[in-house]
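What you are looking at is a predicted structure, and each value in this text was computed from that prediction instead of being measured.
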Amino acid sequence: MGWDGFLLLWSGAWGAVALVGVVRSLAGVTKAQRTVRLTGRIERVGEVRHGASRIGGIPVTVAWREPDTGREVLVRGDDGRGETLTAAWVGREIGVSHPAGRPEEHRFANAPEPPSRGLGWPAFAAFLAYAGLVALAAVRWAWPWALVGGAGPWALSGLWHLPEAVRDRRGRRARLAAADAVPGRVVAVFRDVRIDEDDGSRITTLTPVVAFTTRDGTAVTAHCTRHLADPATARGREVTVHHTPADPAEFTLDPAADRRGWGWDVAVHAAAVAVLAATAAVGALLLVR
């Protein structure tokens with residue numbers, strides 16, 4: 001079998017997988033559609049342990065009510081299932097999900113999650129099928145098809161999302177300008193060690209945890225992974241926390257650095273769109289010559 005046959009088989013197989021996924025979604029039988037998604041409320045925030053793993057996150061007790069039975073469920077959520085809760089305070093609403101009829105297999109998310117149609121994997125399969133077709137076009141006709149087919153859709157996608165990125169940056173700047181500045185303290189530093197599979201070296205990840213109280217009296221405990229020098233010795237350090245009044249999880253220790261970072265993010269996004277568009281245009285010019 002030559003490259004043509006292999007690429008046709010590749011695209012056909014992944015296209016079939018994508019089609020099956022779409023049919024399952026339309027029938028409402030995907031795993032995501034069978035998952036119960038609820039809104040939970042943090043009832044209690046426990047004390048973080050210095051030197052512990054960040055996998056379990058911040059120890060919290062979460063309550064939610066099952067829609068079928070009306071029974072209130074109260075669980076301790078420091079077992080590391082689901083997303084790591086990076087910010088916690090009493091009364092915060094978080095996302096809770098579990099398979100239908102099995103609330104004991106719950107998972108948490110930092111925000112309530114909308115219903116899902118389970119199209120993530122089918123979309124990925126469709127992307128693999130498309131990549132195979134682009135490669136087939138490049139092999140069978142001319143290599144510039146790889147430039148057009150590869151860079152063109154990414155350029156259009158980036159251009160579509162660029163205005164949203166600009167609006168998000170403006171919104172963040174506006175919220176940061178209205179942020180409250182309150183005193184905080186680094187209460188612990190999480191420590192995670194893993195072994196690199198390639199060379200066997202030890203990789204240590206440090207996650208400082210800061211505690212602060214908002215002006216309305218809400219006590220917040222949150223991961224602080226940016227703008228903190230020498231995190232290994234940060235425990236007990238006094239800091240100034242600038243947080244959004246409406247959402248204490250959105251905070252920073254260095255507003256000026258964040259403003260610069262957001263500006264660079266938009267600039268890099270725009271530059272990437274320009275490079276991708278230019279690449280697709282070069283491919284198109286080569287094809288018409």
Side-chain angles (χ1 to χ4, degrees), residues 21 24-50 52-123 168 171-172 175 180 182 184 187-188 190 192 207-225 241 243-251:
R24 284 173 53 83
S25 176
L26 292 175
V29 297
T30 65
K31 181 179 178 181
Q33 289 171 314
R34 290 182 285 110
T35 297
V36 179
R37 301 180 189 275
L38 305 164
T39 298
R41 182 180 185 276
I42 296 178
E43 298 290 331
R44 181 179 178 274
V45 179
E47 183 177 352
V48 295
R49 290 192 302 112
H50 178 66
S53 171
R54 67 174 178 173
I55 300 302
I58 301 165
V60 293
T61 300
V62 180
W64 71 88
R65 191 171 299 278
E66 282 296 310
D68 294 335
T69 63
R71 178 175 65 95
E72 185 177 68
V73 180
L74 190 69
V75 299
R76 184 175 174 84
D78 58 354
D79 52 11
R81 289 189 293 185
E83 289 185 12
T84 297
L85 297 182
T86 57
W89 61 87
V90 174
R92 184 189 186 189
E93 292 187 342
I94 64 171
V96 180
S97 62
H98 64 77
R102 302 201 299 273
E104 67 279 1
E105 298 179 20
H106 60 270
R107 292 180 176 272
F108 294 149
N110 278 282
E113 299 176 310
S116 173
R117 298 180 61 188
L119 291 174
W121 286 112
D168 180 67
R172 289 187 178 186
R175 293 193 298 272
D180 290 336
V182 298
V187 295
F190 290 151
D192 292 275
T207 307
V209 181
V210 64
F212 60 94
T213 302
T214 66
R215 291 184 179 177
D216 63 3
T218 301
V220 181
T221 305
H223 292 190
C224 179
T225 57
V241 179
H243 73 87
T244 305
D247 183 9
E250 187 177 29
F251 71 91

Should L38 and H98 be marked as a side-chain contact (heavy atoms from CB on, under 4.5 Å) after you check the CA-CA gap, both sets of side-chain angles, and the distance that decides it?
CA-CA 9 Å; L38 305 164; H98 64 77; 4.1 Å; yes
May I have the step-by-step check of side-chain contact (heavy atoms from CB on, under 4.5 Å) for W89 and I42, ending in yes or no?
CA-CA 7 Å; W89 61 87; I42 296 178; over 6 Å; no
Could you please spell out the steps behind the side-chain contact (heavy atoms from CB on, under 4.5 Å) verdict for V182 and T213?
CA-CA 7 Å; V182 298; T213 302; over 6 Å; no
Applying side-chain contact (heavy atoms from CB on, under 4.5 Å), run through T221 and V209 and close with a yes or a no.
CA-CA 7 Å; T221 305; V209 181; 3.5 Å; yes
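In this structure, N110 contributes its side chain and T84 its backbone to a donor-acceptor pair below 3.5 Å. Between the S53 side chain and the I55 main chain, a donor and an acceptor come within less than 3.5 Å of each other. Within the 3.5 Å criterion, the main-chain N or O of T30 finds a donor-acceptor partner in the side chain of Q33. R34 places a side-chain N or O within 3.5 Å of a backbone atom of V29 that can act as its donor or acceptor partner. Using a distance-only test at 3.5 Å, with no hydrogens or angles considered, a donor-acceptor pair links the side chain of S116 to the main chain of G118. R37 places no side-chain N or O within donor-acceptor distance of the main-chain N or O of S97, the cut-off being under 3.5 Å.
Residue E43 places its CD atom among more than 12 non-hydrogen atoms of other residues, nucleotides or ligands, all under 6.0 Å distant.
The side-chain heavy atoms of R44 and P59, taken from C-beta on, include no pair separated by under 4.5 Å. Within the 4.5 Å cutoff, side-chain heavy atoms of I94 are placed close to those of R92. Residues V96 and F108 have side chains in contact (heavy-atom distance under 4.5 Å, counting atoms from C-beta outward). With a 4.5 Å cut-off on side-chain heavy atoms, V241 and V210 count as touching.
R215 contributes atom CZ, which lies 7.0 Å from atom NE2 of H243 (distance to the nearest 0.5 angstrom). Atom OG1 in T35 sits 9.5 Å away from atom CD in E113 (nearest 0.5 Å).
For the residue pair P103 and E66, the shortest heavy atom distance occurs at CB-OE2, 3.8 Å. Taking each heavy atom of P122 and G21 in turn, the nearest pair found is CG-CA, 3.5 Å. The two residues A188 and V48 come nearest to each other via the heavy atoms CB-CG2, 3.7 Å. Between V60 and A88, the closest heavy-atom pair is CG1-CB, 3.7 Å. Annotation for P67 and V36: closest pair CG-CG1, 4.4 Å, computed over non-hydrogen atoms. Considering all non-hydrogen atoms of both residues, G184 and F212 come closest at CA-CB, 3.9 Å.
Ring-centre distance between F190 and H223: below the 6.0 Å cut-off.
By the side chain to side chain donor-acceptor pair (under 3.5 Å) test, R102 is found to be paired with E105, residues two or more places apart in sequence or in another chain being considered.
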